[in-house]
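Structure, as structure tokens:
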Amino acid sequence: MRRSRLLYVPFWVTIVFLYAPIAVVVAMSFNSGKSAYTYEGFSLKWYGVLAQDQRVLDGLLNTLIVAAGSTVIATVLGTLLAVGLARHTRSRALDAIALMPAVLPDLVLAIGLLLFYGLIQLTLGLYSVILAHGVFAMAFVAAVVRTRLANTDTSLEEASRDLGAGPVTTFLKVTLPQLAPGILAGAMLAFTLSLDEFVIAFFTIGNLQQTLPIVIYSMIRFGVTPEINALGAILLLVSFTAVIAGQRMTKIGEARAQD
């Protein structure tokens with residue numbers, strides 16, 4: 001019995017190591033003082049300061065635009081890629097190439113995209129970041145949708161084709177409804193990945209506009225302030241809400257599919 005309890009020690013040590021810094025950031029965001037390291041009392045004033053910081057608001061708007069646009073691109077292309085690899089082309093080489101953006105270091109992918117944009121003479125801006133994040137997140141969407149594809153009943157698709165339905169009709173009426181929970185989960189994952197992605201955005205956005213992670217980076221170069229802690233707490237809340245919403249919608253979709 002004592003031995004089994006000791007097995008929990010590494011688990012709880014890992015949990016504390018991972019989440020204690022997050023808890024400190026959230027707690028210090030309610031600090032009434034200007035120091036990010038000394039707690040002087042409870043206050044919400046730094047959230048008010050954020051609401052009046054035009055640079056932060058502009059960065060937030062740019063981030064939401066990039067996240068929404070890249071999510072649409074990644075979801076559509078990732079779903080089509082997953083269906084193509086699972087149903088029409090069985091190749092380990094193509095599987096590896098399709099998932100490569102997910103395993104490549106962000107720095108390598110960012111430099112490659114920057115060189116490609118320079119080669120085709122594309123002016124950098126929000127649209128270049130949207131395309132870059134779409135390519136980056138597409139591999140994650142494809143991986144999630146392929147997992148869902150592995151659990152679908154292919155006999156329904158065969159029956160649809162036997163009854164005279166074409167490939168497009170079969171995909172829209174039979175395959176797509178079965179994949180809906182996986183597509184939704186992949187879309188939520190793509191959105192959260194784009195929301196706080198820094199390296200690729202830093203290399204591909206240019207000088208005229210900034211996403212929120214880049215704004216945070218420029219702010220912490222002069223030291224961490226409670227304002228940054230408040231901003232981090234808000235981002236954590238948005239990320240957790242998106243993940244929980246995706247999980248709930250996925251469970252609802254799976255329950256409807258079973259009915």
Do [X] and [Y] come close enough that some side-chain heavy atom pair is under 4.5 Å?
{"X": "Val83", "Y": "Leu179", "answer": "yes"}
{"X": "Asp106", "Y": "Phe136", "answer": "yes"}
{"X": "Leu237", "Y": "Val26", "answer": "no"}
{"X": "Trp46", "Y": "Leu50", "answer": "no"}
{"X": "Ile200", "Y": "Leu107", "answer": "no"}
{"X": "Asp196", "Y": "Leu235", "answer": "no"}
{"X": "Asn31", "Y": "Asn229", "answer": "no"}
{"X": "Leu212", "Y": "Val56", "answer": "yes"}

His133 and Ser194: side chain donor to acceptor below 3.5 Å: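 The criterion, which ignores hydrogens and geometry beyond distance, is satisfied for Ser194 and His133.
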
Roughly how far, to the nearest 0.5 Å, is the [atom2] atom of [Y] from the [atom1] atom of [X]?
{"X": "Ile22", "Y": "Leu236", "atom1": "CD1", "atom2": "CG", "result": "5.5 Å"}
{"X": "Thr63", "Y": "Gln210", "atom1": "OG1", "atom2": "CD", "result": "10.0 Å"}
{"X": "Ile15", "Y": "Leu18", "atom1": "CD1", "atom2": "CG", "result": "6.0 Å"}
{"X": "Leu109", "Y": "Leu104", "atom1": "CG", "atom2": "CG", "result": "6.0 Å"}
{"X": "Leu131", "Y": "Ser70", "atom1": "CG", "atom2": "OG", "result": "9.5 Å"}
{"X": "Leu99", "Y": "Met138", "atom1": "CG", "atom2": "CE", "result": "9.5 Å"}

Closest approach of [X] to [Y] (non-hydrogen atoms, all atoms of both residues):
{"X": "Asn62", "Y": "Thr211", "answer": "CB-CA, 4.4 Å"}
{"X": "Ala190", "Y": "Val141", "answer": "CB-CG2, 4.0 Å"}
{"X": "Leu122", "Y": "Ser128", "answer": "CD2-CB, 4.3 Å"}
{"X": "Leu114", "Y": "Phe203", "answer": "CD1-O, 3.3 Å"}
{"X": "Val215", "Y": "Gly59", "answer": "CG2-CA, 4.2 Å"}
{"X": "Tyr47", "Y": "Ala233", "answer": "OH-CB, 3.5 Å"}

Are [Y] and [X] connected into the same hydrophobic cluster when the rule is that any two of I, L, V, M, F, W, Y join if their side-chain heavy atoms are below 4.5 Å apart?
{"X": "Phe42", "Y": "Val25", "answer": "no"}
{"X": "Ile73", "Y": "Ile65", "answer": "yes"}
{"X": "Leu115", "Y": "Ile205", "answer": "yes"}
{"X": "Phe116", "Y": "Leu126", "answer": "yes"}
{"X": "Leu85", "Y": "Val135", "answer": "no"}

Val199 backbone acceptor or donor facing Glu197 side chain under 3.5 Å: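 Yes, Glu197 side chain to Val199 backbone: donor-acceptor pair under 3.5 Å.
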
Residues Leu81, Val145; criterion side chain to side chain contact (heavy atoms under 4.5 Å, CB included); working and verdict: CA-CA 9 Å; Leu81 178 62; Val145 174; over 6 Å; no

Test log, rule side chain to side chain contact (heavy atoms under 4.5 Å, CB included), inputs Tyr117 and Leu124: CA-CA 8 Å; Tyr117 289 157; Leu124 300 182; 3.6 Å; yes

Leu64/Phe191 under side chain to side chain contact (heavy atoms under 4.5 Å, CB included): CA gap, chis, key distance, verdict: CA-CA 9 Å; Leu64 292 177; Phe191 184 83; 4.3 Å; yes

Plane angle bin for Tyr217 and Phe202 - parallel if under 30°, tilted between 30 and 60°, otherwise perpendicular: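 It falls in the perpendicular class, over 60°.
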
From CA spacing to verdict: side chain to side chain contact (heavy atoms under 4.5 Å, CB included), Val72, Thr75: CA-CA 5 Å; Val72 173; Thr75 302; over 6 Å; no

Enclosure of Tyr19 OH (heavy-atom neighbours >12, cutoff 6.0 Å):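 Count not over threshold, so no.
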
